[in-house]
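Here the structure comes first, spelled out in structure tokens, and everything after it is commentary.
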Amino acid sequence: MARLFPWLAGVALLASCATSVLPPYTIRDHGIPDALTDAAPDATRGKAVLTSRESNCILCHAVPETGERFFGNLAPPLSGVGARLTAAQMRLRIVDSLYFNKETIMPAYYKVDGLNRVAENLRGKPVLTAAQIEDVIAY
């Protein structure tokens, strides 16, 4: 194939360089049971991530207890989510929201492969780090 289309080899090399190497995780029973990092999670940092423009969680989810004045109503409220879902279930929803719903508008915050319409400068980069995801779960 590379003989017929010599530029194809360059494209393959570029694609492999664009994808970052993230620590592997295992999906089991509709969740990711193991933390994505060994770092101790911090709920205070988790609240900051949840309300930041980086994650934009409150753009779609209501979380009144954060003290923020405005939040969305496009997605389920996050108030009390820890009582409804296990940490493993929350982790998978944040890592790869498409696992549960292929039509969701929620971004995959940690998955980098198999995504569509990702800006070139962001390809291969997760939206949130493993530590940030664990902090959000702690919150």
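Source: prediction; values computed, not measured.
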Task: Linked, directly or transitively: Phe100 and Val95 (ILVMFWY side chains, under 4.5 Å) - done: yes

Task: Considering all heavy atoms, the nearest Gly31-Leu92 contact - done: N-CD2, 3.7 Å

Open item on the list: Tell me every residue that passes side-chain contact (heavy atoms from CB on, under 4.5 Å) with Met106, counting only those two or more places apart in sequence or in another chain.
Closed with: His61, Ser97, Thr104, Tyr109

Open item on the list: Going by salt bridge (Lys or Arg N to Asp or Glu O under 4.0 Å), name the pairs with one or both residues in residues 50-64, residues two or more places apart or in two chains.
Closed with: none

Open item on the list: Tell me every residue that passes salt bridge (Lys or Arg N to Asp or Glu O under 4.0 Å) with Lys111, counting only those two or more places apart in sequence or in another chain.
Closed with: Asp96

Open item on the list: Quick one, Tyr110 and Leu36 - any side-chain contact, counting heavy atoms below 4.5 Å?
Closed with: yes

Task: Under the salt bridge (Lys or Arg N to Asp or Glu O under 4.0 Å) test, residues paired with Arg45 that sit two or more places apart - done: Asp135

Open item on the list: For Thr51, give me all partners under side-chain contact (heavy atoms from CB on, under 4.5 Å), at least two apart in sequence or on another chain.
Closed with: Ile58, Thr66, Glu68

- [ ] Tell me who clusters with Leu74, hydrophobic residues only, linked when side chains sit under 4.5 Å apart either directly or through other members.
- [x] Ile105

TODO: Given side chain to side chain contact (heavy atoms under 4.5 Å, CB included), test Leu128 with Ser55 step by step and report yes or no.
DONE: CA-CA 7 Å; Leu128 297 177; Ser55 70; 4.2 Å; yes

Task: Leu115: hydrophobic cluster co-members (side-chain, 4.5 Å) - done: Leu98, Val118, Leu122

Task: With sequence neighbours excluded, residues passing side-chain contact (heavy atoms from CB on, under 4.5 Å) with Ala48 - done: none

Task: Partner set under side-chain contact (heavy atoms from CB on, under 4.5 Å) for Asp38, not counting sequence neighbours - done: none

TODO: Using the salt bridge (Lys or Arg N to Asp or Glu O under 4.0 Å) rule, collect all pairs that involve residues 83-94, keeping only residues at least two apart or in two chains.
DONE: Arg91-Glu134

Task: Spacing of CD1 belonging to Ile32 relative to CE belonging to Met90, to within rounding of 0.5 Å - done: 12.0 Å

- [ ] Apply side-chain hydrogen bond (donor to acceptor under 3.5 Å, both in side chains) to Ser79 and list each qualifying residue two or more places apart in sequence or on a separate chain.
- [x] Glu65

- [ ] Specify the closest pair of heavy atoms between Ala138 and Ala43, including all atoms of both residues, with the distance to one decimal.
- [x] O-CB, 3.8 Å

TODO: Consider only side-chain heavy atoms of I, L, V, M, F, W and Y, link residues closer than 4.5 Å, and tell whether Leu59 and Tyr139 are in one cluster.
DONE: no

Open item on the list: Less than 4.5 Å apart, side chain to side chain, heavy atoms only: is that true for Thr37 and Pro23?
Closed with: no

Task: Residue pairs involving residues 23-35 (criterion side-chain hydrogen bond (donor to acceptor under 3.5 Å, both in side chains); sequence neighbours excluded) - done: His30-Tyr99

